[in-house]
Each structure stands twice: as structure tokens, then as C-alpha cells.
Amino acid sequence: MDKVLVSACLAGRPVRYDGRAKTVDDALLDRWRAEGRMVVHCPEVAGGLPVPRPPAEIEPGATAADVLDGGARILTPDGDDVTAYFVAGARAALAFARERGATVAVLKESSPSCGLHEVYDGTFTGRKRVGRGVTAHLLAGTGVAVFNEHGLAAADARLRGAGDGRAQERTTS
């Protein structure tokens, strides 16, 4: 049975940078949990970051691919370089997905790890830009169908073999 990797913060775990969760209350998550399909993971914690922690953003003008290739950094507002933690977390998420048989992932939008369609722009002003987080980029590039918290129905369709995963990427902002 294929599994779905779900960002720990969406599953109610207080692992975000600010020590909170972003719990999604949805019958699909309840069903996945009851079916034994849902596996919960936080790449940032798996990469070695504490809770709470300073916020972090991919530096301006850079992409997740740049970060994974070693050509860009993820920084805190004080300029601390936390790139290694995010890269380690992305790799840990991929290993976790493979170990658990997760072919679908539902990740938290806007995160420098998990953002699918947008991330913060690197200026710590609250502005967002089009782009992916490093975990979302790595998972998608290795064949995992990645969705955000607004795409649960599309993720479920993919999980059950009814969709190819691309509809979510085209329609969710």
C-alpha cells in the first residue's frame, strides 16, 4: 500500500520555527491515518534544527535547486547560514519517504523546506515569490508526487491512482 508523507506541522505537531503547528483538520488526513497510509515527518527537525528556531529563508534570487547544488544559502534574519540543516533535512525526508513507501507528499506551502509553489523571498519582509523549498524540490525530482495543504483531494486522487499529480501544481497557489 502506497503511503503519503505529511509535513509534521500539518499533522498537528508543534515543530515549526515558532514552536507551533499548522494543523489541517480534514477527513482525508483522518482516513489516511486510519488506513495506515499517513507517515509524518519534519525535514527541518530531521536535519538537526531545534524547536523553536529563528526563521530562515532562501537568499534573494536563488532557487531550491541552487541550494541543493551548493550555489546558494538559506539564512536566518541575523545572517546565520543554516543551509546544511535544510539540505540534510531534505535528504532525510527523501530517505524517510523511500523507507516508508511514500509515493505522495503533502507539504506546508511557503516553507524554505516544504514550499511547493511559493517561498518567502529572502528579505524577511513577509513577501513571497514563486519557487519551491528544498525538500519539495528534491522529492518532486525523484518521482514523489508533491502537493501542498490545499491539494489534499488531488493528493488522494494520486494516491489512489486517479491522477498524475500535475493538476495540483497547475491549479493551486
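Values reported hereafter were calculated over all heavy atoms of this structure, with side chains retained and with hydrogens, waters and symmetry mates removed.
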**Prompt:** Do E109 and C114 touch side chain to side chain, with heavy atoms closer than 4.5 Å?
**Reply:** no

**Message:** Apply side-chain contact (heavy atoms from CB on, under 4.5 Å) to residues T142 and L94 and explain how you reach the verdict.
**Reply:** CA-CA 8 Å; T142 57; L94 177 59; 3.3 Å; yes

**Prompt:** Any side-chain heavy-atom pair from K3 and M38 closer than 4.5 angstrom?
**Reply:** no

**Item:** Derivation and outcome, side-chain contact (heavy atoms from CB on, under 4.5 Å), residues L159 and R37
**Value:** CA-CA 9 Å; L159 190 64; R37 288 184 183 268; 3.5 Å; yes

**Prompt:** What distance do L152 atom CG and L28 atom CG have between them, rounded to the nearest 0.5 Å?
**Reply:** 6.0 Å

**Complete:** Between C9 and R16, the two heavy atoms sitting closest are CB-CG, 3.6 Å

**Item:** Short N-O contact, E35 and R160, less than 4.0 angstrom
**Value:** yes

**Item:** V119 reachable from Y85 in the ILVMFWY side-chain graph, under 4.5 Å edges
**Value:** no

**Request:** Scan side-chain atoms only and decide if D81 and T83 contain a donor-acceptor pair under the 3.5 Å cut-off.
**Result:** yes

**Asked** Do V6 and L29 have side-chain heavy atoms sitting under 4.5 Å apart?
**Response** yes

**Asked** Under 3.5 Å, side chain of D66 to main-chain N/O of T63, donor-acceptor pair present?
**Response** yes

**Message:** So does G71 get a backbone contact from the side chain of D69, meaning a donor-acceptor N/O pair under 3.5 Å?
**Reply:** no

**Prompt:** Are R33 and D30 close enough that some pair of their side-chain heavy atoms sits under 4.5 Å apart?
**Reply:** yes

Listed pairs under 3.5 Å, donor-acceptor, residues 39-62 side chains, sequence neighbours left out:
{"unit_1": "E44", "atom_1": "OE1", "unit_2": "R53", "atom_2": "NE", "d": "3.2"}
{"unit_1": "E44", "atom_1": "OE1", "unit_2": "R53", "atom_2": "NH2", "d": "2.7"}
{"unit_1": "E44", "atom_1": "OE2", "unit_2": "S111", "atom_2": "OG", "d": "3.3"}
{"unit_1": "E44", "atom_1": "OE2", "unit_2": "S113", "atom_2": "OG", "d": "3.0"}
{"unit_1": "R53", "atom_1": "NH1", "unit_2": "V15", "atom_2": "O", "d": "3.0"}
{"unit_1": "R53", "atom_1": "NH1", "unit_2": "P50", "atom_2": "O", "d": "2.9"}
{"unit_1": "R53", "atom_1": "NH2", "unit_2": "V15", "atom_2": "O", "d": "2.9"}
{"unit_1": "E57", "atom_1": "OE1", "unit_2": "G122", "atom_2": "N", "d": "2.8"}
{"unit_1": "E57", "atom_1": "OE1", "unit_2": "T123", "atom_2": "N", "d": "3.2"}
{"unit_1": "E57", "atom_1": "OE1", "unit_2": "F124", "atom_2": "N", "d": "3.1"}
{"unit_1": "E59", "atom_1": "OE1", "unit_2": "R73", "atom_2": "NE", "d": "3.4"}
{"unit_1": "E59", "atom_1": "OE1", "unit_2": "R73", "atom_2": "NH2", "d": "3.2"}
{"unit_1": "E59", "atom_1": "OE2", "unit_2": "R73", "atom_2": "N", "d": "2.8"}

**Message:** Test of understanding: clusters of I, L, V, M, F, W, Y form through side-chain heavy atoms closer than 4.5 Å, transitively. Do Y120 and Y17 belong to the same one?
**Reply:** no

I'd like a table of donor-acceptor pairs (distance under 3.5 Å, sequence neighbours excluded) in which one partner is a side-chain atom from residues 95-107, with atom names and distances.
{"unit_1": "T103", "atom_1": "OG1", "unit_2": "D2", "atom_2": "OD2", "d": "3.3"}

**Request:** Side-chain contact test, heavy atoms from C-beta onward, threshold under 4.5 Å: evaluate it for V82 versus T76 and give yes or no.
**Result:** yes

**Prompt:** Do L116 and V144 belong together in a cluster built from hydrophobic side chains that touch within less than 4.5 Å?
**Reply:** yes

**Message:** Hydrophobic clusters here meaning ILVMFWY residues chained together by side-chain heavy-atom distances under 4.5 Å, can you tell me if V146 and L138 are in one?
**Reply:** yes

**Message:** Any carboxylate oxygen within less than 4.0 angstrom of a Lys/Arg side-chain nitrogen, looking at K108 and E149?
**Reply:** yes

**Request:** Kindly compute the distance separating CG (L68) from CZ (F86), expressed to the nearest 0.5 Å.
**Result:** 12.0 Å

**Asked** So do the side chains of L10 and T23 get within less than 4.5 Å of each other, counting heavy atoms only?
**Response** no

**Interatomic spacing from NE2 in H117 to NE2 in H150 - rounded to 0.5 Å** = 9.0 Å

